[in-house]
Amino acid sequence: ETLQDDQIELLKTFAAQAALAVANARAHAATDLALRKQVDQLATLESIGLEMNATLDPKELFEAILKHAVRITNATQGNLAIFEPEQRALRIVAKRIDPDSTPTLKTGAIFNINDGAPGIAYQTGKLCNIADATKDPNHTNWFNRQTRSLLSVPISRQDSVLGVITVENSKSSAFNPEHEKFLAQLAAQAAVAITNARLYQQLETRLHEQSLLFTASTHIASTLDSDAIAMAIAESISIALESDGAKVSRWDPEQNTLSI
């Protein structure tokens with residue numbers, strides 16, 4: 001039986017409504033997925049933040065930051081470098097290596113702030129994403145020979161770059177904008193945690209110095225014997241500087257000599 005024109009139009013209307021309903025359902029599902037993913041990311045960042053703020057030990061803190069950076073980006077390896085003002089260089093303080101690769105960089109290694117992706121990230125204060133290191137003229141092979149993709153993100157605090165997080169992958173174009181955003185958020189948390197750890201270390205150092213000064217003053221004030229005073233001073237200096245020993249010399253103006 002042939003459909004009438006009005007029936008055909010009715011079917012077209014139903015089809016249009018069905019298409020609209022399917023499109024709305026897909027959009028809702030995509031939005032729901034995006035929101036759920038964002039909530040998961042925020043929960044992950046909160047968990048990471050709590051872990052980082054739970055320690056004031058620099059070594060533990062650096063390892064925790066890098067562990068999450070490698071995990072979040074599905075990197076094969078990575079490293080964390082801290083800026084050393086006196087040397088004007090970046091020093092590797094933590095690294096994670098692919099067991100199947102040949103490492104070319106050791107913890108404690110120093111490299112120029114003008115070289116490679118980490119250098120670019122430090123100098124510009126912006127992330128540097130190299131899709132294929134073998135084809136990038138600005139790439140300096142401080143890392144593994146198998147490395148293709150590199151993503152370096154600066155750890156910045158109050159317009160000052162404290163260091164750089166770098167993740168690597170043996171595949172080209174491994175790091176997408178989502179990785180960039182997530183790693184930038186991690187770097188922001190890392191900057192706060194590193195600053196807090198440094199402030200705590202400075203406070204501990206000051207308290208230690210005050211304690212040594214008080215102890216030295218007490219020993220010196222407890223005697224009038226010059227040899228005993230010199231011994232107390234030498235001992236306090238040795239402890240304060242964590243040296244193997246110290247000596248105090250007496251100046252003899254008549255002989256123009258120093259004697260211990």
Side-chain angles (χ1 to χ4, degrees), residues 38 40-73 75 77-96 105-130 138 140 142-143 150-168 175-209:
Q38 188 174 12
D40 289 342
Q41 289 179 344
L42 290 174
T44 301
L45 284 170
E46 182 181 10
S47 176
I48 293 171
L50 291 173
E51 180 180 344
M52 289 194 298
N53 291 323
T55 179
L56 291 169
D57 179 79
K59 190 176 187 314
E60 291 181 4
L61 179 58
F62 297 148
E63 291 291 345
I65 294 169
L66 185 58
K67 175 185 70 175
H68 291 295
V70 170
R71 179 181 61 82
I72 289 168
T73 59
Q77 57 187 32
N79 65 77
L80 172 59
I82 292 297
F83 177 64
E84 296 290 354
E86 293 182 0
Q87 297 171 293
R88 293 291 301 170
L90 290 166
R91 177 172 61 88
I92 300 297
V93 293
K95 63 184 177 65
R96 289 193 165 237
L105 198 64
K106 297 180 179 180
T107 300
I110 298 288
F111 59 92
N112 197 302
I113 57 174
N114 296 314
D115 294 339
I120 295 172
Y122 175 81
Q123 293 284 9
T124 63
K126 299 178 181 179
L127 64 85
C128 176
N129 191 343
I130 297 179
N138 297 318
T140 301
W142 288 104
F143 308 98
L150 289 98
L151 174 58
S152 290
V153 177
I155 303 172
S156 303
R157 180 74 170 169
Q158 297 178 345
D159 298 326
S160 177
V161 179
L162 307 178
V164 178
I165 301 171
T166 298
V167 289
E168 310 166 37
F175 304 117
N176 57 41
E178 189 173 315
H179 292 139
E180 294 177 356
K181 181 180 178 182
F182 209 84
L183 202 57
Q185 291 173 317
L186 175 65
Q189 287 187 321
V192 175
I194 291 172
T195 300
N196 290 340
R198 286 180 173 178
L199 289 174
Y200 178 76
Q201 278 193 315
Q202 291 173 5
L203 178 60
E204 272 200 326
T205 300
R206 297 293 177 270
L207 290 173
H208 181 61
E209 290 172 351

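In this chain, residues are counted from 1 in sequence order.
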**Prompt:** So Leu162 and Phe83, side chain to side chain contact (heavy atoms under 4.5 Å, CB included) or not? Walk me through it.
**Reply:** CA-CA 6 Å; Leu162 307 178; Phe83 177 64; over 6 Å; no
**Worked verdict on Leu183 versus Phe175 for side chain to side chain contact (heavy atoms under 4.5 Å, CB included)** = CA-CA 10 Å; Leu183 202 57; Phe175 304 117; over 6 Å; no
**Stepwise side chain to side chain contact (heavy atoms under 4.5 Å, CB included) check, Leu203 with Leu199** = CA-CA 6 Å; Leu203 178 60; Leu199 289 174; over 6 Å; no
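Residues forming a side-chain contact (heavy atoms from CB on, under 4.5 Å) with Ala64 (at least two apart in sequence, or on another chain): Glu51.
Using a 4.5 Å cut-off on side-chain heavy atoms (C-beta onward), Tyr122 and Pro154 make no contact. Residues Glu180 and Asn129 meet the side-chain proximity criterion, which asks for heavy atoms closer than 4.5 Å. Put simply, the side chain of Val164 reaches to within 4.5 Å of the side chain of Leu90, judged on heavy atoms. Two residues are said to be in side-chain contact when any heavy atoms from C-beta on lie closer than 4.5 Å; Gln77 and Lys95 fail this criterion. Side-chain contact between Leu61 and Ile194 is present, with at least one heavy-atom pair separated by less than 4.5 Å.
The heavy-atom pair separating Arg198 from Ile82 by the smallest distance is NH2-CG2, 3.2 Å. Gln123 and Asn114 make their closest contact through NE2-OD1, 2.6 Å (heavy atoms, listed as atom of the first residue, atom of the second, distance). Nearest heavy-atom pair across Ser156 and Val161 is OG-CG2, 3.8 Å. Here the shortest heavy-atom pairing between Pro58 and Gln201 reads CG-NE2, 3.4 Å. Glu168 and Ala75 get closest at one heavy-atom pair: O-CB, 3.2 Å. Nearest heavy atom pair, residue Ala89 against residue Ile110, reads CB-CG2, 3.3 Å.
Sorted by first then second residue, the side-chain hydrogen bond (donor to acceptor under 3.5 Å, both in side chains) pairs that include residues 82-92, not counting sequence neighbours, are Glu84-Arg91.
The only option from Ile155, Leu151, Asn79 that meets the side-chain contact (heavy atoms from CB on, under 4.5 Å) definition with Ile165 turns out to be Ile155. A side-chain contact (heavy atoms from CB on, under 4.5 Å) with Thr73 is found for one member of Asn176, Val153, Val167, Leu186 and no other, namely Val167.
Here the CD1 atom belonging to Ile72 is positioned 9.0 Å from the CD atom belonging to Gln185, to the nearest 0.5 angstrom.
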